[in-house]
Amino acid sequence: MAQKIVVDPITRIEGHLRIEAKIENGRIVDAWSSSTAFRGIETILKGRDPRDAHHFTQRFCGVCTTVHSMASIRCVEDALKIEIPDNARLIRNLIMAAQNVQDHIIHFYHLHALDWVDIVSALSADPAATSKLAQSISDYPKSSTDYFRGIQERVKAFAGTGRLGPFQNAYWGHSAYKLPPEANLMAVAHYLEALDIQREIIKIHAILGSKNPHPQTFLVGGMSIPVDPDSQNAINADRIAQLRRLFRLARTFTEQVYIPDLLAVASFYTDWAGIGAGVGNYLCFGDFPLYEGGGRESYYFPQGIILGRDLSRVLPVDQQKITEYVSRSWYTYSGGDARGLHPWQGETSHRYTGPKPPYEWLDTDAKYSWVKAPRYEDQPMEVGPLARILVAYASGHQEVQAVAHFALNKLGVGPEVLFSTLGRTAARGLETLLLAQKAETWLDQLTDNMGRGIYEVHNGEKWDPASWPREAQGFGYHEAPRGALGHWIRIERGAIANFQAVVPSTWNAGPRCANNHRGPYEEALIGTPVADEKQPLEILRTIHSFDPCLACAVHVLDAKGNEIIRVKAL
């Protein structure tokens, strides 16, 4: 007999996500993804100066601030046909590489690892055996018996207080956990280590962006941080040395800890290489330009679309084929809710028709989410690190193919396993490795430009609105940690006439569309085994593999900045 369950809220994510699932014979046969907060910052942008858009869009989220600044700047530059100086390209690449590396480390250790790692089991581990295990997979210096014994004692003391914080409500002892105690202790140690490492890595944003979150040095036409070896208030030799140390720290941790941990954990969960495949369609806008003005041919991560898991063919991306549906979302379109709108014509008109809170179930036959349903040629698309790695792999990207083959050979599996929950998690780690290594090349190029007396960081030719056309429209992209991010702008008489953002978690978390196609979260859950319906750990594994950010997908303000809901914590 079918049974319906609900997981609400999904924790260890940004924002508010609810999953309802129907289970038959121990497997999920249907699923619904719903977000429960209103989206509205696009409305706030209307009438404002396009050059200020990035200051507002950064507030979509407290985590993904930098990525929205990047996409907003690029959509204005696209509308006004502005090319940025080479130094601006390099500085942007460095900032965004640091964002992706830090974000992925946080995701693996602090948001996703506890779906695979049993903290309680680590308390019974043998520190000497843990040391032997750690040294067998990596030469990371923190791997002695005393080190792991100290970690174990810290965890025992923490557990003894009874105040477990983020570890309080996990499914410890669940039958789906497979790691031996020593592997669990190693993972717990690196969970704590990663807390310090990610804090150091993000200092790159403070150096290049003046602060984090919400960096301040992005600017339409380039960057505002100067490059001048003779100034203490600019990127100089001392700043380059600081950046090099931080990027080297990120690379060392990724190479010696993250990747070995990823492969070690994955080796116990190879059955998850056949679970969570999802819609099988993948979209990547491409990003990290290797030179300015080269279009999609210049991207380090190439642009492309894969349909039906067919790695033999990569199709080009045409952003004008993107539409958003609201047929199952709590919005309404002036021309009718059954049609999809391209973001340049997009509307953000909220209309809640769901049950009155508190409620037990949503009416999933009607509208059931605040997230819209993006489609590419009416097809749902998965975005994110897996999409980037698959598109690059299928495009013949040599560095991507090399790291992918290394990981697949270690696990003794073929590339078909990438279409899965495990593949999604592995792709994020491989991307972290690639960007941690590539960032040093971009830093070398910036240093070389400084040595040759090239200091320009901004193109101000079209800064004055008097130089703009009466009407213009632009598309801005960025391959954010969670996937393809698009911002679309229409400018009329020097002001924003319309602004729409289709963010990664809108693509992935969206509900069904007018054609009744499930969104990627929903489709990825189909067929997932659930050992205990009262402890649906398996749902968390697949959903967390996408790294949801519902704060980006659903923005909680109205057009006048009024409070919509107040939450009281007791």
Side-chain angles (χ1 to χ4, degrees), residues 1-13 15-37 111-112 114-118 120 168-178 269 271-280 327-330 352-371 373 380 382 419-422 424-425 505 508-513 515-546 548 550:
M1 181 179 294
Q3 179 177 354
K4 199 171 184 181
I5 66 171
V6 60
V7 185
D8 184 12
I10 299 286
T11 56
R12 283 185 272 128
I13 69 168
H16 305 277
L17 176 64
R18 173 189 178 99
I19 296 292
E20 293 189 12
K22 184 185 292 184
I23 299 174
E24 288 183 5
N25 300 318
R27 290 186 180 273
I28 296 175
V29 296
D30 210 347
W32 298 266
S33 167
S34 174
S35 187
T36 54
L111 305 181
H112 195 28
L114 300 184
D115 299 329
W116 315 95
V117 174
D118 190 337
V120 174
Q168 181 71 48
N169 295 317
Y171 301 140
W172 309 131
H174 195 289
S175 62
Y177 283 121
K178 295 183 178 181
Y269 291 102
D271 55 323
W272 279 81
I275 300 170
V279 296
S327 48
R328 306 298 287 276
S329 308
W330 290 312
Y352 182 73
T353 56
K356 182 179 179 180
Y359 50 82
E360 184 176 5
W361 303 105
L362 291 166
D363 181 2
T364 52
D365 292 328
K367 299 189 175 210
Y368 61 89
S369 181
W370 280 116
V371 181
E382 177 176 333
F419 302 111
S420 66
T421 294
L422 186 64
R424 203 172 285 116
T425 300
S505 291
N508 291 333
R512 287 155 169 78
C513 59
N515 297 319
N516 209 34
H517 294 149
R518 297 186 186 96
Y521 287 3
E522 298 173 334
E523 192 65 39
L525 289 172
I526 305 303
T528 299
V530 178
D532 183 348
E533 294 169 358
K534 295 181 179 179
Q535 294 186 324
L537 174 64
E538 297 87 351
I539 289 178
L540 298 183
R541 285 178 173 171
T542 290
I543 295 300
H544 282 151
S545 73
F546 287 92
L550 274 297

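The basis for the numbers below is simple: all heavy atoms, side chains too, and nothing from hydrogens, waters or symmetry mates.
Take D532 and apply the salt bridge (charged side-chain N to carboxylate O under 4.0 Å, His left out) test, not counting sequence neighbours, and it matches no residue. With sequence neighbours left out, R328 forms a side chain to side chain donor-acceptor pair (under 3.5 Å) with N516. Checked against side chain to side chain donor-acceptor pair (under 3.5 Å), S33 has no partners two or more places apart in sequence or in another chain. With sequence neighbours left out, T421 forms a side chain to side chain donor-acceptor pair (under 3.5 Å) with T542. By the side chain to side chain donor-acceptor pair (under 3.5 Å) test, Q3 is found to be paired with E533, residues two or more places apart in sequence or in another chain being considered. Every ring-ring contact (aromatic ring centres under 6.0 Å, His included) that Y269 has, sequence neighbours left out, goes to W116.
Distance CG/L550 to CG/L17: 5.0 Å, rounded to 0.5 Å. With rounding to the nearest 0.5 angstrom, the CZ atom of R541 is 10.5 Å from the CG atom of L422. Here the OG-CH2 distance, from S35 to W330, works out to 8.5 Å after rounding to the nearest 0.5 Å. Going from atom CH2 of W272 over to atom OG1 of T528 covers 5.5 Å, rounded to the nearest 0.5 Å.
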**Item:** side chain to side chain contact (heavy atoms under 4.5 Å, CB included) between T11 and L540, intermediate numbers included
**Value:** CA-CA 9 Å; T11 56; L540 298 183; 5.5 Å; no
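A salt bridge does not link D363 with K356: every distance from a Lys NZ or Arg NE/NH1/NH2 to an Asp or Glu carboxylate oxygen is 4.0 Å or more. Under the 4.0 Å criterion applied to side-chain N and carboxylate O atoms, K178 and D271 are assigned as salt-bridge partners.
Relative to the six-membered ring of W32, K22 misses at least one condition, a distance below 6.0 Å or an angle of at most 45° to the axis.
Classified by interplanar angle (parallel below 30°, tilted 30° to 60°, perpendicular above 60°), the ring pair H174/Y171 is tilted.
R518 places no side-chain N or O within donor-acceptor distance of the main-chain N or O of E523, the cut-off being under 3.5 Å.
Residues H112 and T425 have side chains that bring a donor and an acceptor to within less than 3.5 angstrom of each other.
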